[in-house]
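From a predicted model like this one, the values you see are computed outputs, not experimental measurements. Note on naming: letters A, B, ... go to the chains in the order of the sequence lines (proteins, then strands), and numbering restarts at 1 for each one.
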Amino acid sequence: MGAFLLWHGPLTQTCATAALVPPPRLTLHLRPSTPEAPMKIATFNINGIKARHPALIDWLREAQPDVALLQEIKSVDEAFPRELFEDLGYQVETHGQKSFNGVAILSKLPLEDITRGLPGDDGDEQARWIEATVVGERAVRLCGLYLPNGNPVEFDDTGAPIHEGKYGYKLDWMARMQARATELLALEEPFLMAGDYNIIPQDEDAAKPEAWRKDALALPESRAAFRRLLNMGFTEAFRARDAEPGQYSFWDYQAGAWPRNNGIRIDHLLLSPQAADLMQAVGIDKEIRGRDKPSDHVPVWVELAA
DNA sequence: ATGGCCGGTGGAACCGGA
């Protein structure tokens with residue numbers, strides 16, 4: 001009713017009511033006649049390409065991302081079933097290893113300047129980082145990442161976590177990632193770093209935050225390292241657009257975590273300032289967690305203006 | 001209500017995951 005009255009009224013509506021009112025038709029004529037479609041970029045930890053390719057293909061057909069950054073392909077490059085995705089119109093770039101880890105980029109738009117591996121440690125054999133530039137209406141640098149889990153964590157006599165072993169590797173890896181982010185930020189161009197961060201940023205990102213207090217995914221040192229990235233000027237796409245707690249991207253296979261909605265939000269897209277300015281929409285494709293033979297993660301995506 | 005898994009490797013259990 002209010003909307004009906006304001007529709008005919010002068011342009012004196014308040015900010016509070018403006019959101020309820022359809023935009024005046026006139027604005028349609030001020031837009032470009034044929035606006036370019038946004039670029040949809042998703043991250044998805046698939047937990048094994050061999051087991052997941054049917055479900056992955058179903059999701060690609062439905063969600064129609066322009067780019068999918070994949071983690072845990074658990075495959076060497078030669079064994080990745082690239083033809084399945086090329087047949088859907090995707091360029092396929094992989095950085096795999098035997099049995100574990102492994103990342104990949106699928107893109108319907110051309111990819112250029114592909115690099116594999118996170119700089120900063122020539123002795124690191126784990127396949128967790130891949131970069132490429134996707135060329136659409138504009139060029140966007142993409143970093144696909146599978147950040148180390150970091151468990152188990154050992155603690156000293158004072159209860160402080162010891163920065164050794166798997167947890168030390170996680171923190172060292174995050175420092176290397178920050179160094180790479182510093183290089184890319186200096187270019188002042190649109191880019192993003194997306195993947196399985198294995199970081200629960202805040203308590204509101206876990207159904208049972210108390211269960212994660214001494215876990216590498218939520219320890220203060222882990223969260224601080226993630227915040228250091230954000231404080232460089234990145235925008236965490238999902239949280240920037242959706243303030244509701246209790247939204248997750250991972251549900252363990254064990255203990256009925258999915259039917260109980262005992263989830264955590266650990267898959268993130270960090271946008272450079274120039275990319276954040278282009279952000280139009282974000283989402284989590286939660287529904288596919290309930291399908292047959294699902295990954296324990298679900299896709300998280302962002303749309304950037306063309 | 002309670003307890004509960006899955007993928008890869010390799011060909012039986014075990015590792016790794018989160």
Q.
Under a 3.5 Å threshold, yes or no: a donor from one side chain and an acceptor from the other, between A:N101 and A:Q126?
A. yes
Q. Roughly, in whole Å, what's the span from CG in A:N262 to P in B:dC5?
A. 15 Å
Q: Would you please indicate yes or no on a ring centroid separation below 6.0 angstrom for A:F226 and A:F234?
A: no
Q.
Taking the P atom in each of B:dG16 and B:dG10, what is the distance between them to the nearest angstrom?
A. 14 Å
Could you run down the sub-3.5 Å N/O contacts of the protein with nucleotides 16-18 of chain B?
unit_1 : atom_1 : unit_2 : atom_2 : d
B:dG17 : OP2    : A:K166 : NZ     : 3.2
B:dA18 : OP1    : A:E72  : OE1    : 2.9
B:dA18 : OP1    : A:Y146 : OH     : 3.3
B:dA18 : OP1    : A:D196 : OD2    : 3.4
B:dA18 : OP2    : A:Y146 : OH     : 3.0
B:dA18 : OP2    : A:N198 : ND2    : 3.2
B:dA18 : N9     : A:N149 : ND2    : 3.4
B:dA18 : N7     : A:N149 : ND2    : 3.2

Q. In terms of side-chain heavy atoms of A:K293, which of B:dT9, B:dG4, B:dG7 is nearest?
A. B:dG7
**Q.** Spacing of the C1' atoms in B:dC5 and B:dA18 (rounded, Å)
**A.** 12 Å
Q) With no hydrogens and no angle check, do the side chains of A:Q71 and A:T43 hold a donor and an acceptor under 3.5 Å apart? A) yes
Q) Which comes earlier along DNA chain B counting from the 5' end, the contact point of A:I73 or that of A:G256, where each point is its nearest nucleotide? A) A:G256
Q | Whole-angstrom distance between B:dC15 and B:dG11, as gauged at atom P | A | 15 Å
Q) Is A:R138 paired with A:E189 through a side-chain N to carboxylate O contact shorter than 4.0 Å? A) no
Q: Would you mind classifying the nucleic acid contact of A:A51 as base, sugar-phosphate or nothing, using non-hydrogen atoms under 4.0 angstrom?
A: sugar-phosphate
**Q.** Integer angstrom distance from the P of B:dG7 to that of B:dT2
**A.** 28 Å
Q.
Can a side-chain donor-acceptor contact be found between A:Q247 and A:K286 if the only test is distance below 3.5 angstrom?
A. no
Q) Less than 4.0 Å between a side-chain N and a carboxylate O, is that true for A:D203 and A:R223? A) yes
